[in-house]
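We number each residue from 1, following the sequence as shown.
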Amino acid sequence: MIAGPEPLLEVQDVVKVFDLPHRGFFGAARRLRALAGVSLDIYAEETLGLVGESGCGKTTLGRIIVRLETATEGRVLFRGRDVRARSGTTNSADRRSIQMVFQDATGSLNPRRRVRDIVSLPVRAGGVVAPGLVDDHVSQVLEEVGLPSELGGRYPGQLSGGQQQRVALARAIALEPAVLVADEPLSALDVSVQAQILRLLERIRERRHLAMLFVSHDLAVVRYLCDRVAVMYLGRIVESGPVDEVFDHPRHPYTVALLSAVPSTRQRTDVPIELAGEVPSAADIPPGCPFHPRCWKAQDKCRAVLPQLDSLNGARVACHFPE
């Protein structure tokens with residue numbers, strides 16, 4: 001990792017609220033708060049892991065960063081400029097500089113277009129290279145992700161899951177991004193294929209000097225691939241810091257519970273922590289610390305006062321009573 005003095009990408013106090021179609025008692029409108037003031041930075045050439053249970057807001061944050069969703073409040077800055085700006089050549093180049101690889105490669109690829117067209121269309125639209133160089137550019141990118149040239153004439157449905165994910169990755173890096181948002185890129189693949197795609201992501205990151213937001217529920221992969229990690233719970237970052245610091249010395253009870261369930265991150269004598277109850281609904285977040293209904297350390301203060309992220313021994317933790 002080469003971390004400069006200024007972040008390459010900044011997420012500042014992002015809130016995302018969805019209006020629910022069904023109203024509550026007395027006809028009151030119901031709203032789901034998917035993100036509740038998320039802030040994080042990504043520096044040049046570093047990989048930030050984003051972890052947490054399903055439904056915590058990880059994918060929503062990734063979609064906001066790449067402008068597939070609009071934040072209700074807050075900003076996302078790329079090289080100091082708001083990514084929501086829509087006019088001007090510079091802003092257009094900035095938008096190309098942040099690309100996403102989706103969890104479901106099958107759903108993200110147009111089944112009616114051949115592989116070569118899937119990769120070349122955004123290249124042509126974005127003006128990444130001169131029109132006469134597009135075909136050569138696409139061939140080089142397909143080769144870079146390990147796809148033989150003859151597969152360029154096939155449709156996504158004729159490819160394996162691993163090949164489809166390579167096409168999705170090729171489409172993203174063909175636009176020459178500076179930041180790659182990888183949303184659970186391994187979870188829909190067989191274990192053997194996961195290892196291949198993981199090594200490919202690592203090679204591409206190093207060769208292209210990319211910054212990456214790596215969204216995953218696989219903590220072992222996060223520790224292997226990432227420089228820093230941020231832990232999300234109910235739309236908030238509850239702990240963040242260097243990956244070894246957070247994994248070896250977790251301070252937030254939720255992080256402690258997550259890591260206790262992974263054999264490779266606990267001592268032989270450790271017993272996985274079983275959290276009480278279910279994750280509360282994002283449409284009905286508890287007062288105070290949102291984790292307090294499931295936390296074995298919760299006290300009266302936790303039930304009334306929302307903890308803020310504070311620095312603690314090289315990490316940042318949102319907990320009144322950290323480990």
Side-chain angles (χ1 to χ4, degrees), residues 7-42 48-88 91-92 94-104 108 179-184 211 213-217 230-240 254 278-293 304-310 316 318:
L8 182 64
L9 184 78
E10 302 170 74
V11 176
Q12 298 180 345
D13 302 315
V14 166
V15 172
K16 180 62 179 177
V17 178
F18 294 98
D19 291 323
L20 297 178
H22 301 294
R23 293 181 175 270
F25 291 110
F26 308 110
R30 299 185 67 225
R31 311 184 81 195
L32 185 149
R33 186 175 290 261
L35 298 173
V38 173
S39 296
L40 54 82
D41 297 333
I42 303 177
L48 174 66
L50 186 62
V51 303
E53 292 172 281
S54 297
C56 71
K58 305 186 300 295
T59 293
T60 299
L61 180 60
R63 290 175 65 86
I64 287 173
I65 289 173
V66 299
R67 302 159 311 281
L68 292 175
E69 298 277 359
T70 301
T72 306
E73 299 175 22
R75 301 191 301 168
V76 177
L77 306 180
F78 174 69
R79 293 189 173 128
R81 294 184 290 270
D82 194 329
V83 302
R84 290 177 299 182
R86 294 292 180 182
S87 61
N91 291 323
S92 177
D94 286 349
R95 292 197 297 272
R96 292 199 308 269
S97 294
I98 309 173
Q99 294 297 314
M100 191 169 191
V101 179
F102 299 89
Q103 176 180 357
D104 180 13
S108 72
V179 180
L180 190 65
V181 178
D183 181 19
E184 299 272 13
L213 177 65
F214 185 78
V215 179
S216 180
H217 64 276
V231 182
M232 285 190 74
Y233 185 80
L234 268 184
R236 295 184 182 274
I237 303 294
V238 298
E239 184 164 2
S240 66
Y254 178 62
E278 300 293 332
V279 180
S281 169
D284 188 21
I285 297 177
C289 174
F291 186 60
H292 84 256
V305 181
L306 177 68
Q308 303 300 314
L309 275 170
D310 290 324
R316 302 188 72 204

Would a 4.5 Å heavy-atom cut-off, applied to side chains only, mark [X] and [Y] as touching?
X: Phe102; Y: Arg63; answer: yes
X: Leu61; Y: Leu40; answer: yes
X: Leu50; Y: Ile237; answer: yes
X: Gln103; Y: Val215; answer: no
X: Val279; Y: Leu234; answer: yes
X: Pro287; Y: Leu306; answer: no
X: Val38; Y: Met232; answer: yes
X: Phe291; Y: Val238; answer: no

Under 3.5 Å, which donor-acceptor pairs do the side chains of residues 9-18 form with other protein atoms, sequence neighbours left out?
residue: Glu10; atom: OE1; partner: Gln12; partner atom: NE2; Å: 3.4
residue: Gln12; atom: OE1; partner: Arg75; partner atom: NE; Å: 3.3
residue: Gln12; atom: OE1; partner: Arg75; partner atom: NH2; Å: 3.0
residue: Asp13; atom: OD1; partner: Ser39; partner atom: OG; Å: 3.1
residue: Lys16; atom: NZ; partner: Thr70; partner atom: O; Å: 2.7

| remark: Hits for side chain to side chain donor-acceptor pair (under 3.5 Å) against Asp41, two or more places apart or cross-chain, chain-then-number order -> none

| said: Taking side chain to side chain contact (heavy atoms under 4.5 Å, CB included) as the criterion, tell me which of Val76, Ile65, Leu8 meets it with Ile98. | reply: Ile65

| Pair listing, salt bridge (Lys or Arg N to Asp or Glu O under 4.0 Å) test, anchored in residues 51-61, at least two apart | Glu53-Arg294

